[in-house]
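Just so you know, ligand 1 is whichever comes first in the structure, and atom 1 is the first atom listed for that ligand. Just so it is clear, the structure is predicted and the values come from calculations on it, not from any experiment.
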Amino acid sequence: MSNFKLTMDKIVNLCKNRGFVYPGSEIYGGFANTWDFGPVGVELKNNIKKAWWKRFVQESQNTYGVDAAILMNPTVWEASGHIASFGDPKMDCKSCKQRFRADTLIENHSKGSISAEAMTNEQLETYIQEHHLTCPHCGSFNWTPIRKFNPMFVTSRGTLEADADKVYLRPETCQGEYVNFLNVQRTSRAKVPFAIAQIGKSFRNEITPGNFLFRTIEFEQMELQMFCQESQSMSIYEYYKEKALEFVEDLGLKSENLRFHDHDKLAHYAKAACDIQYNFPIGWQELNGIHHRGIWDLSRHQEYSGKNMSYVDPFTNEKFIPNVIEYSIGADRLTLALLCQAYDEETLENGETRVVMHFHPAIAPYKVAILPLQKNLSEKAQEFYSLLSKEFMCDYDETGSIGKRYRRQDEIGTPFCITIDFETLENNSVTIRDRDTMQQVRLNQEELVNYISKRIKFN
Ligand code: GAP
């Protein structure tokens with residue numbers, strides 16, 4: 001039976017104490033809104049990224065992966081519009097000098113029920129005045145007017161640090177996909193419609209980062225750009241909306257915590273845009289985006305690079321610049337959603353509370369924990385560890401009572417615990433305990449790999 005209120009603090013504490021995620025640079029007092037994935041968290045995030053790659057690249061015949069450079073020719077960011085118009089509406093609290101995004105203040109105040117993205121600066125200011133939104137940091141009501149702020153991180157190459165040496169840390173990965181459109185099309189002999197996908201780091205000097213992994217200044221994106229004919233574009237857009245939803249449901253997010261949200265305001269070149277939102281402990285918030293970007297991206301790169309970005313249809317000889325349907329999801333934000341969804345506090349029959357992470361076994365950090373009942377069974381237990389770690393990510397724990405060890409594994413979501421006991425010495429059989437039901441069965445050593453493999457796959 002579960003009856004608890006999920007808060008972000010519970011997730012942050014569990015993550016810190018169980019090795020999922022630590023505050024960045026912690027021994028130096030931290031570095032705000034940076035996070036380091038620990039031994040358990042890195043497995044979880046890698047499994048999520050692997051599942052995305054498998055679904056959207058490996059199982060999609062017309063999708064090709066790339067891993068493009070983070071530092072790109074600065075003209076890319078002129079072509080993409082990031083230098084001229086990428087910016088968030090920021091305002092400063094004159095009392096405590098903290099900076100905030102006006103739209104985020106409103107969305108947080110309304111717990112996600114108001115979408116501020118389409119509001120003009122005047123509308124944002126009016127809402128803030130009328131609802132008397134005070135500074136979340138010091139509580140005063142003493143705002144500067146709203147101004148635009150470009151969140152691209154700037155660095156320089158070479159030694160002069162002059163303007164000519166300025167380079168940017170990419171604020172999105174998709175530009176690496178656009179600039180390789182011609183390369184991938186040629187080397188893979190790809191025919192439209194085809195997609196280019198990649199997973200990689202992006203950087204944004206966010207004005208209001210926060211809420212743990214939800215909004216950080218350095219994060220990983222999993223992005224895919226589908227290049228297609230205009231006539232196919234709306235049906236491909238709808239296809240990715242459904243496929244994106246199906247993916248996160250298959251990973252374990254519950255449908256009642258997911259919803260589509262059409263954008264109220266579209267960029268001038270866009271034909272449609274939609275988010276999938278998840279019901280985080282901070283309210284309904286964007287999890288991923290699906291965007292119909294028309295021919296904007298390739299046309300702009302054609303204009304700025306001077307390279308012809310047209311595609312020639314091999315059957316009709318028609319020459320055209322393909323439309324782009326983009327699907328983009330943050331790996332860290334999805335990890336956070338899956339942490340929130342998995343978290344459970346169960347009251348057991350004896351009145352104790354069991355914290356358990358009900359991850360889908362396919363993304364669980366460790367699949368198996370090997371637990372010798374007593375220390376003098378270690379040698380036998382190590383034999384099982386050697387065997388099973390060739391197949392699965394395994395944990396090994398011989399300290400503390402068996403009950404405490406089960407609890408530790410429940411808290412990191414390990415689907416199977418194998419106990420080595422004295423019977424194991426006699427006949428190589430072990431007990432295997434299921435995380436969710438806590439039921440145990442006895443199996444022989446040679447049955448284990450098959451038993452576990454079957455149960456950790458997506459259906
Ligand atoms: N190329 C399109 C693009 O970057 P976006 O809506 O700005 O679109 C896509 O970002 C996804 O990246 C978001 O839905 C979110 O999952 C993730 N994301 C964006 N900014 C983030 C941040 N500061 N911290 C963590 N994840 C972020």
- Item | Pairs involving residues 184-193, ordered by first then second residue, that meet side chain to side chain donor-acceptor pair (under 3.5 Å) (sequence neighbours left out) | N183-R186
- Message: Test your reading of the model: is there a side-chain donor-acceptor pair from T216 to the backbone of E218, 3.5 Å cut-off?
- Response: yes
- Query: F212 and ring pair (Phe, Tyr, Trp, His ring centres under 6.0 Å): which partner among W35, Y22, F20, F280?
  - Reply: W35
- Tell me: protein heavy atom nearest atom 8 (O) of ligand 1, and distance? H291 CE1, 4.0 Å
- Item | Sub-4.0 Å atoms of ligand 1 with respect to non-hydrogen atoms of F214 | 24 (N), 25 (C), 26 (N)
- Reported CZ-to-OG1 distance for the pair R55 and T63, which is rounded to 0.5 angstrom: 13.0 Å
- Return the residue, atom name and 0.1 Å-rounded distance of the protein heavy atom closest to atom 26 (N) of ligand 1. F219 CD1, 3.6 Å
- Query: Which atoms of ligand 1 sit under 4.0 Å from any heavy atom of C174?
  - Reply: 1 (N)
- Out of E223, E172, R204, whose heavy atom sits nearest atom 5 (P) of ligand 1? R204
- Message: Within ligand 1, which atoms have a heavy atom of E206 less than 4.0 Å away?
- Response: 20 (N), 22 (C), 23 (N)
- Query: Of the protein's non-hydrogen atoms, which lies at the shortest distance from atom 24 (N) of ligand 1, and what is that distance?
  - Reply: T216 N, 3.0 Å
- Query: Could an N or O of ligand 1 be found under 3.5 Å from any N or O of E326, whether backbone or side chain?
  - Reply: yes
- Message: Can you report which non-hydrogen protein atom sits closest to atom 10 (O) of ligand 1, along with the distance?
- Response: Q221 NE2, 3.4 Å
- Pairwise side-chain contact, Q285 with R333, heavy-atom cut-off 4.5 Å (strictly under): no
- Query: ligand 1 and L287, any nitrogen or oxygen pair closer than 3.5 angstrom?
  - Reply: yes
- Item | Y311 and E318, any side-chain heavy atoms less than 4.5 Å apart | no
- Item | atom 14 (O) of ligand 1: nearest protein contact (heavy atom, Å) | E286 OE2, 2.5 Å
- Evaluate side chain to side chain contact (heavy atoms under 4.5 Å, CB included) for L336 paired with D332, printing each intermediate quantity in order. CA-CA 6 Å; L336 176 62; D332 310 81; over 6 Å; no
- Taking atom 9 (C) of ligand 1 as the reference point, the nearest protein heavy atom with its distance: S328 OG, 3.0 Å
- With no hydrogens and no angle check, is any side-chain donor or acceptor of W143 less than 3.5 Å from a backbone partner on L133? yes
- Task: Identify, by atom number and element, the atoms of ligand 1 in contact range of N288, meaning under 4.0 Å from any of its heavy atoms.
- Result: 14 (O)
- Task: Answer yes when K367 and E391 have at least one side-chain N-carboxylate O distance shorter than 4.0 Å, and no when they do not.
- Result: no
